[in-house]
Amino acid sequence: MSSNVPISSSGITAPTPQNTPLNHAPISSGLSRPTVPDISEESEVAEEISSLGAEGVQAAMLGMVQGRLSDLVGRSSGYIEALPKKVRRSVEGLKGVQVAQTDLQNQYKRECLELERKYLELQKPLYARRYAIITGAAAVTTEEVAAGEAQSIKDDEDYTPIDADTDDAEGADIKGIPDFWLTALRNHPGLAELITDRDAEALAHLKDVTLSYLPKKGEEGEFAGKPGFTITFHWDADANPFFTNKTLSKTYIYQEEVGYSGDFVYDRAVGSDIAWKEDKDLTREWEIKKQRNKNTNRTRLIRKSHPTPSFFNFFAPPAMPSDEEIENGDIEPEDLEEIEERLEVDYQVGEDLKEKIIPRAVDYFTGKALEYEMMDDSDDDGEFDELDEDDDDEDDFEEDSDSDGDIPARRRGPPKNRNLPGTASSASGKPDECKQQ
C-alpha cells in the first residue's frame, strides 16, 4: 500500500494535505440466536445482567432481537398463508399494481440515463477546453481566470488574486499543468489507497480521463442497447515507458432492470488489456531464484513473477464465481469474501470516477473536493456517543475498525453477499426476488 501523500514524479508536491479514508466495515452475517438458560444457570445469568447496567441490558436485548430476526430471514412466518382466500387474492392484486409501478420506475431510470447522456454531450466542449489547458495546447483567457478567482474569493474571503503582470521566470518553460491527473487521482481517498509509487511514474503520462455512455439500440458497439458507461484513460503513448496503449478503458454494465431499491444494479465490468513493454508490467513483481538439477547438480537462475498491488489491476476486475461453484464448495469462503470485497471496491471506484472525479477534476487537483469528502465521512458521527479520553471502549472500537480492511468509505457498491452482480442468479438481468417473511 502506498503513501497517500500526492507527490508527483517530477518532484512537485501537490497543494493538498495527506488524506486518510475511513474504513468501511463489512456487512455482518447477523448474530447467533441466544439460548434459554436452564434453572441451574439462572443465578449466574442474573449476576451477569446486573453487572451490565441499563445500557448493557438494552444492548443485550437488541442483540437477542437481531439474532431471532436473522433466523427468520427468507422463511415464511405462516401469516400470509393463514389469511382467507379473498384477502390473499387482494394481496396478489397489490403485487400486480406494484409490477406496474416497477415498470414505470424502470422507464424513469432509463429516461434519467438518457438525460445524463444529453448533458454529457453539452459538456463535451467544456471538457475539450479543460483538456487543452491541462496539456498546454491553449492558454487560459482573462475571462476564465476572472471567473475562477471570483469562485475562489467566494470559497475563501482571504484569497488573494494572482497578479498577471508578475514575472514568473521559474515557470516560463512549463507547459500546461504538469501531473494534473496524477495529483487529482491521488487526492481521492479511495484511489490514493490503490496508487503505488511505481504506478505514479506511469500516471504522470496520463493526459485525460473521459466518460461515455454505452451505445443505444441500433448503434454500433459491443454493448449496444445495454445501460451502463465507460471510463477512458488517455495516455501520452510516445513518452510512456510502461505500455504502448494510447487509451485504456473500463466499462461498467448495469442489469437491464432496476434493483429492489429503485436504482440500477451493476451486472459486470470489462477492462482493457494492457500492452506492457518488456519488464514493465506494474501489476507483477519479478524475482530471481536459483534452481538446482538433481541429476547433474548444476544450478541455473530463473525469473519468476507474482501479482502485486497496483492501480492498473483496476483494468482486470475479478469475476464472481457462479452459484454452482459456490454450492459445490469449489471456492473457499475466505476466497469468496475477498472477491466480494474487491468487487465492491471496483464498483465504488468506477462510480466515483463517473460522479465525482471527472466532472470536478480541478477540485480534486486543488484539494477543495476533500472538504466535501470529509463532510460526507462525518455524517455518521452522530450515531456514536462521545467517549472519554480514558474510556477503555475506545481502544476496542479502533481495533474493530482496523480489522475490517481498507475498503474506501462513503461510496456506493453492490451488497456483499453471494447475489452480487455477476453471479448466476443475477445474470438474467432481473432483480432478485424478495422472499415472503
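Dense packing is recorded around CZ of Arg130, with more than 12 heavy atoms of other residues, nucleotides or ligands lying under 6.0 Å away. Other residues, nucleotides and ligands contribute only 12 or fewer heavy atoms inside 6.0 Å of the CG atom of Asp273. Annotation: Arg117, atom CZ; neighbour count of heavy atoms from other residues, nucleotides and ligands within 6.0 Å is above 12. Heavy-atom neighbours of Tyr108 OH from other residues, nucleotides or ligands within 6.0 Å: at or below the threshold of 12.
One side chain, Asp199 or Thr196, offers a donor N or O that lies under 3.5 Å from an acceptor on the other. No hydrogens or angles considered: nothing links the side chains of Ser249 and Thr232 as a donor-acceptor pair under 3.5 Å.
Contact check for Leu370 versus Pro189: side-chain heavy atoms found under the 4.5 Å cut-off. Between Ile177 and Thr183 there is no side-chain heavy-atom pair separated by less than 4.5 Å. In this structure, Val209 and Ile357 have side chains that are not in contact, with every pair of non-hydrogen atoms separated by 4.5 Å or more. Side-chain contact between Asp263 and Val258 is absent, with no heavy-atom pair separated by less than 4.5 Å. Using a 4.5 Å heavy-atom cutoff, the side chains of Trp286 and Thr308 are not in contact. Contact of the Thr210 side chain with the Ile358 side chain is not registered, since no non-hydrogen atoms from C-beta on lie closer than 4.5 Å.
Between Leu353 and Leu185, the shortest heavy-atom contact is CD2-CD2, 4.1 Å. Closest heavy-atom contact between Asp346 and Pro317: OD2-CB, 3.9 Å. Shortest non-hydrogen contact noted between Asp179 and Ala204 is OD1-CB, 3.6 Å. Between Tyr347 and Arg268 the shortest heavy-atom distance is OH-CA, 4.0 Å. Among all heavy-atom pairs drawn from Ser212 and Leu120, the shortest one is CA-CD2, 4.0 Å. Lys250 approaches Gly271 most closely through the heavy-atom pair CD-CA, 4.0 Å.
In this view, Glu116 and Tyr213, Lys354 satisfy the side-chain hydrogen bond (donor to acceptor under 3.5 Å, both in side chains) rule, not counting sequence neighbours. With sequence neighbours left out, Ala316 forms a side-chain contact (heavy atoms from CB on, under 4.5 Å) with no residue at all. Residues passing the side-chain contact (heavy atoms from CB on, under 4.5 Å) test with Leu115 are Lys118, Tyr119, sequence neighbours excluded. Annotation: salt bridge (Lys or Arg N to Asp or Glu O under 4.0 Å) contacts of Glu287 (sequence neighbours excluded): Lys289. With sequence neighbours excluded, the residues that form a side-chain contact (heavy atoms from CB on, under 4.5 Å) with Glu111 are Gln107. Residues that satisfy the side-chain hydrogen bond (donor to acceptor under 3.5 Å, both in side chains) test with Ser305, not counting sequence neighbours, are Arg284. Contacts of Ala319 classified as side-chain contact (heavy atoms from CB on, under 4.5 Å), with partners at least two apart in sequence or in another chain: none. Residues satisfying the side-chain hydrogen bond (donor to acceptor under 3.5 Å, both in side chains) test with Arg129, not counting sequence neighbours, are Glu144. For Asp158, there are no side-chain hydrogen bond (donor to acceptor under 3.5 Å, both in side chains) partners at least two apart in sequence or on another chain.
Atoms CD and CD, on Glu344 and Glu340 in that order, are 9.0 Å from each other to the nearest 0.5 Å. Residue Lys175 holds its NZ atom at 12.5 Å from CG of Asp173, rounded to the nearest 0.5 Å. How far CG of Leu191 is from CZ of Phe314: 7.5 Å, rounded to the nearest 0.5 Å. Separation of atoms CD1 (Ile274) and NZ (Lys280) is listed at 15.0 Å; rounding is to 0.5 Å. Between the CZ atom in Arg186 and the CD atom in Glu193 there is a gap of 10.5 Å [rounded to 0.5 Å]. Taking NZ of Lys124 as the reference point, atom CG of Leu126 lies at 12.5 Å (rounded to 0.5 Å).
For Gln105 (side chain) and Gly262 (main-chain N/O), a donor-acceptor pair under 3.5 Å exists by modelled atom type. The backbone N or O of Trp276 sits nowhere less than 3.5 Å from a side-chain atom of Asn245 that would complete a donor-acceptor pair. Between the Asp267 side chain and the Ile253 main chain, no donor and acceptor come within less than 3.5 Å of each other. Under the 3.5 Å distance criterion, the side-chain polar atoms of Lys277 are matched with a main-chain donor or acceptor of Asn240.
Checked against a 6.0 Å centroid threshold, the rings of Phe242 and Phe312 do not count as neighbours. In this structure, the ring of Phe243 has its center less than 6.0 angstrom from the ring center of Trp235.
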Using atom types as modelled, flag every donor-acceptor pair under 3.5 Å from a side chain in residues 84-93 to any protein atom, sequence neighbours excluded.
unit_1	atom_1	unit_2	atom_2	d
Arg88	NE	Leu83	O	3.1
Ser90	OG	Lys86	O	3.2
Glu92	OE2	Lys95	NZ	3.2

Give the table of side-chain donor-acceptor pairs shorter than 3.5 Å for residues 132-140, with sequence neighbours excluded, one pair per line with atom names and distance.
unit_1	atom_1	unit_2	atom_2	d
Thr135	OG1	Tyr131	O	2.8
Thr135	OG1	Ala132	O	3.4

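Asp103 and Arg110 are not joined by a salt bridge, as no carboxylate oxygen comes within less than 4.0 angstrom of a charged side-chain nitrogen.
None of Phe264, Tyr252, Phe223 except one satisfies the ring pair (Phe, Tyr, Trp, His ring centres under 6.0 Å) rule with Phe229; the exception is Tyr252. Considering Tyr364, Phe365, Tyr372, Trp181 as possible partners of His188, the one that fulfils the ring pair (Phe, Tyr, Trp, His ring centres under 6.0 Å) test is Tyr364.
Every pair passing salt bridge (Lys or Arg N to Asp or Glu O under 4.0 Å) that includes a residue from residues 222-244 is listed here, sequence neighbours excluded: Lys226-Glu256.
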